[in-house]
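Below is one structure; the comments refer to it alone.
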Amino acid sequence: MTTTTTDQTTPEITFDSFGLDARIQRALAEQGYTKPTPIQAQAIPVVLLGKDVMGAAQTGTGKTAGFALPIIQRLLPMSNASASPARHPVRALMLTPTRELADQVYDNVARYARFTDLRSTVVFGGVDMNPQTEALRRGVEILVATPGRLLDHVQQKSVNLSQVQMLVLDEADRMLDMGFLPDLQRIINLLPAQRQTLLFSATFSAEIKRLASSYLRQPVTIEVARSNSANENVRQTVFQVEDGHKQAAVVHLLKKRAADGLSRQCIVFVNSKIGCSRLARHLEREGINAAAIHGDKTQTERMQTLDGFKQGNIDALVATDVAARGLDIPDMPCVINFDLPYSAEDYVHRIGRTGRAGASGDALSIFVPADERLLVDIEKLLKRNIPRTPLEGFDPTGANARAEESERRRARSDVRRARPNGEGDEPRPRRNDPASSRNAFRPSDDPFFSRPYEPSGGAAAAQPDVTESHAAAFGRGRPAPKRPLAALLGGVPRKS
DNA sequence: AAAAAAC
């Protein structure tokens, strides 16, 4: 196995030196690209030679262009302008773990290939299949996909993978974590054995190595940063607060940054979907431009939120780990961990959203004593200590903390209101979250809890979010009950 | 423990 390793210094080369087609160079010029990033400098020549690649690259290293540009180059001689699917078989397949990442990879591919005749499209779940099917039937050379939806299309015979010459497994570690291995195996079995395979992963775990050894041939290993090590441009700080003061602490941090004239944009990571929506609401009440993104949001909402964030209409993107990896959000000045992640590797991915391409960044974590073990695991993985710092000027008994306390009271009052003979307060609609108040929890709706929510009114319809209502009913951090609701309410008879 | 991903 050949191994190439560099540090973060950009080699003194330009995109001209790769001998890319004029049509690609024109697209690059239009994007304002002149100097390749380290991973591009290493990957592009290797991919152009047709070699398999095992790439360790974090998000934000320019990885996508690193594989997309040479792939487009290699496909060019085969492209033609005829509009029949038979003449536009899928020749390059790019698989990603999440829908957003698929969309972003596609977006890049389409931009780099825009002056060529190559066609590309993207397929992922959560949206109507028909437009995807039509695009596939018209024929594309480059297909970006999430595994599940791709197999769906394969089953419906709307795509044929027998002509694929280049396969990209992007964020392969993530795909394995998410249990995509069987899907990946099924997909790869549909591809010709004679092909070029590129595998990118943030870490080279034993599983990744096993995957590589079964599907890659004499891969060239490309590594731009030591895996499992966080970027040195990122200032990591852990703020220790008392349990129950986390929301107030985040508000304090965000307002402090704004007051210090630092960029207001940041991603705030939360471990649960409930906590994610809850924190976003809380920040909004505190006058911070915030929005939640997590897996219970519709695909449309997720894309709109991401767009709003990229355009600067949203300052604080409150996210679950849906956003930890892959999402290509340029130049994040700051990442905040509202919760420390359950796995130390996720910590690396989360803070990898900042301090990219040589920029400096802040990774701030809220730490409560109960999370000691999580922090120790992170320190072990990073092989360094992260000092616990008191939060300067933070007054947990001040206005912020009072707001947090009132939120807890509100949550408890929702439970009282939910009782059939409810001695609860006046209903108080939640500001900034019409869906949640419209779908306020009603015990007579109980079946609601025993089956998953099925959308009925199209993408634009309000989302009666089961977990949201749970949050409202049961307060902070409680998991959705597995028992019937009546049992939880203490023997209130259940209508059926 | 949690999140993500196909219908």
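Chain A is the first sequence line, chain B the second, and so forth, proteins listed ahead of strands; every chain is numbered from 1.
- Across the protein-nucleic acid pair, Arg302(A) atom CZ and dA3(B) atom P stand 13 Å apart, rounded to whole Å.
- When heavy atoms are screened at a 4.0 angstrom cut-off, Gly126(A) is found touching the sugar-phosphate backbone but no base atom.
- The side-chain hydrogen bond (donor to acceptor under 3.5 Å, both in side chains) search around Glu242(A) returns none, not counting sequence neighbours.
- For Arg264(A), the CZ atom is loosely surrounded, since the number of other residues' heavy atoms within 6.0 Å does not exceed 12.
- Heavy atoms of Pro97(A) sit under 4.0 angstrom from primed sugar atoms or phosphate atoms, though from no base atom.
- If you take NZ of Lys297(A) and C1' of dA3(B), they are 15 Å apart, rounded to a whole angstrom.
- Considering only side-chain atoms of Arg373(A), the nucleotide from dA1(B), dA4(B), dA2(B) that sits closest is dA1(B).
- For the pair Phe180(A) CZ and dA3(B) P, the interatomic distance rounds to 16 Å; values are reported in whole Å.
- Taking atom CD of Glu171(A) as the reference point, atom P of dA5(B) lies 13 Å away to the nearest angstrom.
- Under the side-chain hydrogen bond (donor to acceptor under 3.5 Å, both in side chains) criterion, Glu379(A) pairs with Arg388(A), sequence neighbours left out.
- Counting only N and O atoms by type, the side chains of Arg111(A) and Asn108(A) include a donor and acceptor under 3.5 Å apart.
- Taking the six-membered ring for Trp and thresholds of 30 and 60 degrees, Phe67(A) and Phe200(A) have ring planes inclined between 30 and 60 degrees apart.
- In this structure, CE of Met175(A) is placed 13 Å from C1' of dA4(B), rounded to the nearest angstrom.
- Put simply, CD on Gln132(A) is 14 Å from P on dA5(B), counting in whole angstrom units.
- Residue Lys273(A) contributes atom NZ, which lies 17 Å from atom P of dA1(B) at whole-angstrom precision.
- Looking at the side chain of Met178(A), the nearest of the listed nucleotides dA1(B), dA6(B), dA4(B) is dA4(B).
- Listed pair Thr320(A) / dA4(B) meets the phosphate criterion, a side-chain N or O lying under 4.0 Å from OP1 or OP2.
- Counting to the nearest Å, the P atom of dA6(B) and the CZ atom of Arg99(A) are 5 Å from each other.
- Taking side-chain N and O atoms only, Thr146(A) has a distance below 4.0 Å to OP1 or OP2 of dA6(B).
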